[in-house]
Amino acid sequence: MKTRAGFVVFGTHKDGLLDPMGTPFIDEAIIQASREALAARDIELVEWPIVLANKAEAKEALTAMKKDDSIDALILFAGTWIWSGLMIAAVRDFATSGKPIILWTHSGSQGWRPVGGFVMHGTMLEVGIPHKFIYAAADEAEYVDQIAFYCRAGKLRRQLNMSTIGVFGGRGMGQACGVADPSQWMRVFGVDIDSRDTTELLEAARAVTDEEIDAVMPKIVKLFGKAPEMDDTARRSIALYVALKKVVAKNGFDFYTIQSFPGLGDDYGATCFAQSMMLDDGVPTSTLSDFNTAMTVYLLTNLSERRVYYGDLQHFDRKTREAKIIGDGAVPPSLADPRDPADFAGHGIPTEGAAGGLSVKLTCVPGKCVLARLGRVEGQFVMTIAEGEVYVPDNLAERKLECGIPFWPHAFIRLNDDVDVDTLIEGYMNEYGVLGYGEHLAGELEAFCDIMGIEFIKA
């Protein structure tokens, strides 16, 4: 995810001022190397043209940065030492924007940069200004990555602010661990919850024409390599997908959750296929009106290298350090591994959606991943994650028989050696495992939780 960050250099001894050895206090080569390291991480810099050295300069620069709605974060770069009293009021005012602040001190003795960085760090702590302090050279990748993580977390926070999650129907399957407090969602995330029953969606699905079905068929064929057998059940499943696209767009929902069953899945059709296609379109969603899964899918959809899969966290094996996610037919078809490509199946459980419907059969493609879950403990948000790698077992057909429903989508995850499985089990707060692809995800989720004030548990 590309981000834009304000980049402001500060230091009292600027404009070419030399130290007693005849060397400029501010090293332009270090500043340029730092710019290039950030650009390599897809961070576009909005640079202030001068080095800040007094109150007037700091006020002008940071007021402009605060008003720039395209900026996701602010990087304060210590060029040399500074009198912190000249900077702190402007920094405090910028902090009221809610955008994260990264204070970066490039390591090294020449130029006295650490003095400028530490005095600002201590002053910001004294005043109570949240920030991330980075003390590292431009070629110390692990630490520069943290700057990128905070910039992307700032973009997520900015995107969520004043967004809307749509809710179709009530609580599904009596799930009490995914419910939401609308006031808390507004207070923490700035997200409005727009609830309504499924009437509009049901009417839209029943009104879908054959021409609208034909219009989405090329996309389906591309993902599955074929079209489904077009009986009435298949048509209703595809019509529900078309209807969801229309209703979500019409109402301006940025993401949504849906009850699925009881209700719609019994009266019209199971939502598995429609949910699969919406996920593949990059629309964050969840079933059973599980708000916490929807938010986790939202975060990972914006950060993950591939589409996001949420499904039942069906099994942990402590000995093999394996986790299995097996959802009831809802998965982005583009995640299919060639050894078990995306195919059509039936929902298969009459007690959970008696009307039936298409679902998706596949095994997820290998790749570095994170297993994540946002939940609540006594009403307070907590994020629990574990890192691992999706793999495809050699005895795949046999392994898919273990759950008793081999035609549902499977993801086999080998947890990293440093994962404490018991911590993960204790900290996991729902039946759904949410799977995102990428080694960078843990750092980005941790940064997001830090700036949002959410407890973060890395198993």
Does [X] use its side chain to pair, donor to acceptor, with the backbone of [Y] at less than 3.5 Å?
| X | Y | result |
| --- | --- | --- |
| Ser237 | Thr233 | yes |
| Asn292 | Gly178 | no |
| Ser359 | Gly329 | no |
| Gln314 | Lys324 | no |
| Asp197 | Thr199 | yes |
| Thr257 | Asp290 | yes |
| Asn161 | Arg157 | no |
| Arg321 | Val421 | no |
| Tyr143 | Ile147 | no |
| Glu398 | Leu401 | no |

Measuring from [X]:[atom1] to [Y]:[atom2], what's the distance to the nearest 0.5 Å?
| X | Y | atom1 | atom2 | value |
| --- | --- | --- | --- | --- |
| Cys272 | Phe261 | SG | CZ | 7.0 Å |
| Leu86 | Lys59 | CG | NZ | 14.5 Å |
| Ile129 | Thr123 | CD1 | OG1 | 8.5 Å |
| Tyr310 | Gln275 | OH | CD | 4.0 Å |
| Phe94 | His131 | CZ | NE2 | 14.0 Å |
| Ile75 | Cys151 | CD1 | SG | 4.5 Å |

Where do [X] and [Y] come nearest, in terms of heavy atoms and distance?
| X | Y | answer |
| --- | --- | --- |
| Thr296 | Ala372 | CG2-O, 3.8 Å |
| His410 | Pro406 | CE1-O, 4.0 Å |
| Ile193 | Pro182 | CD1-CA, 3.8 Å |
| Leu435 | Val308 | O-CG1, 3.3 Å |
| Phe149 | Glu444 | CD2-CG, 3.4 Å |
| Met429 | Cys177 | O-CB, 3.8 Å |

So that I can tick it off, tell me whether [Y] and [X] are bridged by a salt bridge, with the cut-off set at under 4.0 angstrom between side-chain N and carboxylate O.
| X | Y | value |
| --- | --- | --- |
| Lys361 | Asp340 | yes |
| Lys219 | Asp280 | no |
| Asp450 | Lys132 | no |
| Lys250 | Asp194 | no |
| Arg399 | Glu402 | yes |
| Asp422 | Arg318 | yes |
| Lys368 | Glu387 | no |

[X] atom [atom1]: more than 12 heavy-atom contacts under 6.0 Å:
| X | atom1 | answer |
| --- | --- | --- |
| Arg92 | CZ | no |
| Met186 | CE | yes |
| Lys246 | NZ | yes |
| Glu439 | CD | no |
| Arg376 | CZ | yes |
| Lys66 | NZ | yes |

Q.
The test is side-chain contact (heavy atoms from CB on, under 4.5 Å); show your working for Ile134 and Tyr150 and say whether it passes.
A. CA-CA 11 Å; Ile134 300 292; Tyr150 272 78; over 6 Å; no

Q. So, Thr287 and Ser260: side-chain donor and acceptor under 3.5 Å apart, yes or no?
A. no

Q. Which is it for Met277 and Lys245 under the side-chain contact (heavy atoms from CB on, under 4.5 Å) test, yes or no, and what are the steps along the way?
A. CA-CA 10 Å; Met277 295 298 294; Lys245 287 171 64 72; over 6 Å; no

Side-chain donor-acceptor pairs of residues 388-397 under 3.5 Å, sequence neighbours excluded:
from, atom 1, to, atom 2, distance (Å)
Tyr391, OH, Glu322, OE2, 2.4

Which word best sums up how the rings of [X] and [Y] line up, parallel for under 30°, tilted for 30 to 60°, or perpendicular for over 60°?
| X | Y | result |
| --- | --- | --- |
| Trp185 | Phe189 | perpendicular |
| Phe273 | Tyr241 | perpendicular |
| Phe224 | Phe344 | parallel |

Heavy-atom side-chain contact between [X] and [Y] under 4.5 Å:
| X | Y | value |
| --- | --- | --- |
| Pro284 | Met295 | no |
| Pro228 | Ile238 | yes |
| Asp267 | Thr198 | no |
| Leu160 | Phe448 | yes |
| Val331 | Trp408 | no |
| Leu299 | Leu441 | no |
| Leu201 | Leu240 | yes |
| Met278 | Tyr256 | yes |

Q | Val370 and Leu300: CA distance, side-chain angles, deciding distance, side-chain contact (heavy atoms from CB on, under 4.5 Å) verdict | A | CA-CA 9 Å; Val370 67; Leu300 289 177; 4.1 Å; yes

**Q.** Residue list, ring-ring contact (aromatic ring centres under 6.0 Å, His included) with Tyr309, at least two apart or on another chain
**A.** none

Q | Derivation of the side-chain contact (heavy atoms from CB on, under 4.5 Å) call for Tyr437 and Val365 | A | CA-CA 10 Å; Tyr437 284 80; Val365 66; 3.8 Å; yes

